[in-house]
Protein chains: 2
Amino acid sequence: MKMSGGVEWALHCAFALTAADRPVPAARLAELHDVSPTYLAKQLQALARAGLIHAVQGHAGGYALSRPPSEITVLDVVEAIDGRSPAFTCTDIRTRGPMPASPEACRTPCAIHQAMIAADDAWRASLRSVTIADLASGVTAQHGPGILTGIRGWLGAEGTARGV
Amino acid sequence: MKMSGGVEWALHCAFALTAADRPVPAARLAELHDVSPTYLAKQLQALARAGLIHAVQGHAGGYALSRPPSEITVLDVVEAIDGRSPAFTCTDIRTRGPMPASPEACRTPCAIHQAMIAADDAWRASLRSVTIADLASGVTAQHGPGILTGIRGWLGAEGTARGV
DNA sequence: CTCAACTCGGATATTCTTTGTCCGGGACAC
DNA sequence: GTGTCCCGGACAAAGAATATCCGAGTTGAG
């Protein structure tokens, strides 16, 4: 029961893109968070494949959010990185062994599977109720409004990349 | 985001032990579910370590539930097998990079971490609301009351182990 | 129009956890 | 005593997660 570590990176990047007003290269996002640039690129590609962000190629290219932050839920990001399949996979044990269950009684998932589905739904519902915009407002409430403009400025700065 | 496959086995075993009226050897539980005996033994040891079931050694030994099924929740079993640590681990990215967050503002978990904690709580609460007894009643509602006595009889039978 | 620089994108190694197995030791009932 | 059963750890194999590279495409400037 462990979620991919890239989810944290992806969520932080989504928040950073909220502050940006122009496309941001993957390498700059990696530098902002001090993580592996190549691996972060992989996560961003997954986000792009899911349609949450879109890539702008070329000289002044980079990544930008495809929708307003209030329409991107945390669940969207989690599912884009970690996959959409539920954590619990039912092997249908009841149909095997010396006392197999009758196939017609197995039209509905077994009680164990039902409990797992309910828990998974509750988990997803909780993540769906929080949007990236909510995260942004939570961060500003915690660190003050200056953090957003600070990130925006740093992302837009030109020569900061290799500066000491 | 994948849960250990042994959780399914453990839950099925817990249900089977509900039907049993005497200790059941691990090998018999493995045969009932047609799974690897040695690996199932590992999961049962974890359940015993968590205090959910207790082992009876010796000739007529085996495993039996330590509490009434109505006092064992699905969450207990899941945590015994899959671990009690939450799926999401916060690396505190905000404290790294060229724009580190002030340490005194990080006394409370970041907004992302908070959302994950809330989802994890919802997930656990859902699993905690279902007991093994609930599973048993669900199974009888689905497969009829005969399934319980059938399992009880098969578990108690002597020479069924290797018979063709 | 040419060029060059910059960007993403997918295919590729490496590490690590999970899964699955095995064997010796100890305890209980018969 | 003897056979059966559980316990605990050590051990090998499989799979996924992690981390990295180089090529394709696009843009903007000259």
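The structure presented is a predicted model; accordingly, all values stated were derived computationally and were not measured. Every chain is numbered from 1, with letters handed out A, B, ... down the list of sequences. All heavy atoms count here, side chains included; hydrogens, waters and symmetry mates do not.
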Calculate the interatomic distance between [X] atom [atom1] and [N] atom [atom2]; express it in whole Å.
X	N	atom1	atom2	value
B:Asp82	C:dT18	CG	C1'	11 Å
A:Leu40	D:dT20	CG	P	12 Å
B:Arg22	D:dC5	CZ	P	13 Å
B:Gln43	C:dT21	CD	P	11 Å
B:Trp9	C:dG20	CH2	C1'	8 Å
B:Lys42	C:dT21	NZ	C1'	9 Å
A:Glu31	C:dT7	CD	P	12 Å
A:Lys2	C:dC16	NZ	P	12 Å

Is a donor from one side chain sitting under 3.5 angstrom from an acceptor on the other, for B:Asp134 and B:Thr131?
yes

Does B:Cys106 reach the side chain of B:Arg94, with side-chain heavy atoms less than 4.5 Å apart?
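Yes, side chains in contact.
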
What I'd like to find out is whether the side chain of B:Cys110 reaches to under 4.5 Å of the side chain of B:Cys90, using heavy atoms alone.
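Yes, side chains in contact.
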
Strictly below 4.0 Å: does [X] bring a side-chain N or O up to OP1 or OP2 of [N]?
X	N	result
A:Arg49	C:dG10	yes
A:Tyr39	D:dT18	yes
B:Ser36	C:dT19	no

Counting the atoms with a prime plus P, OP1 and OP2 as sugar-phosphate, which does B:Ala41 contact under 4.0 Å by heavy atoms, base, sugar-phosphate, or nothing?
nothing

At 4.0 Å (heavy atoms only), tell me whether A:Thr38 reaches a base, stays on the sugar-phosphate, or touches nothing.
base

Side-chain contact check for A:Ala26: nearest option of C:dT21, C:dC8, C:dT12 is C:dC8

Under 30°, 30 to 60°, or over 60°: which ring-plane class applies to A:His12 and A:His33, parallel, tilted or perpendicular?
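Taking A:His33 first and then A:His12, their aromatic rings stand perpendicular (interplane angle over 60°).
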
Hey, could you give me each pair passing side-chain hydrogen bond (donor to acceptor under 3.5 Å, both in side chains) that has a residue in residues 56-65 of chain A? Not counting sequence neighbours.
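Sorted pair list comes back empty.
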
Find which nucleotide of DNA chain C each of A:Met1 and A:Gln45 is nearest to by heavy atoms, and output the residue with the more 5' nucleotide.
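Nearest-nucleotide comparison on DNA chain C picks A:Gln45.
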
Is it true that atom CZ of A:Arg67 has more than 12 heavy atoms of other residues, nucleotides or ligands lying nearer than 6.0 Å?
no

What parts of residues 55-65 of chain A reach DNA chain D, counting only heavy atoms under 4.0 Å away?
A:Gln57, A:Gly58, A:His59

Would you kindly check if the NZ (Lys) or CZ (Arg) of B:Arg128 is within the cone defined by 45 degrees around the ring axis of B:Trp123 and under 6.0 Å from the six-membered ring centre?
no

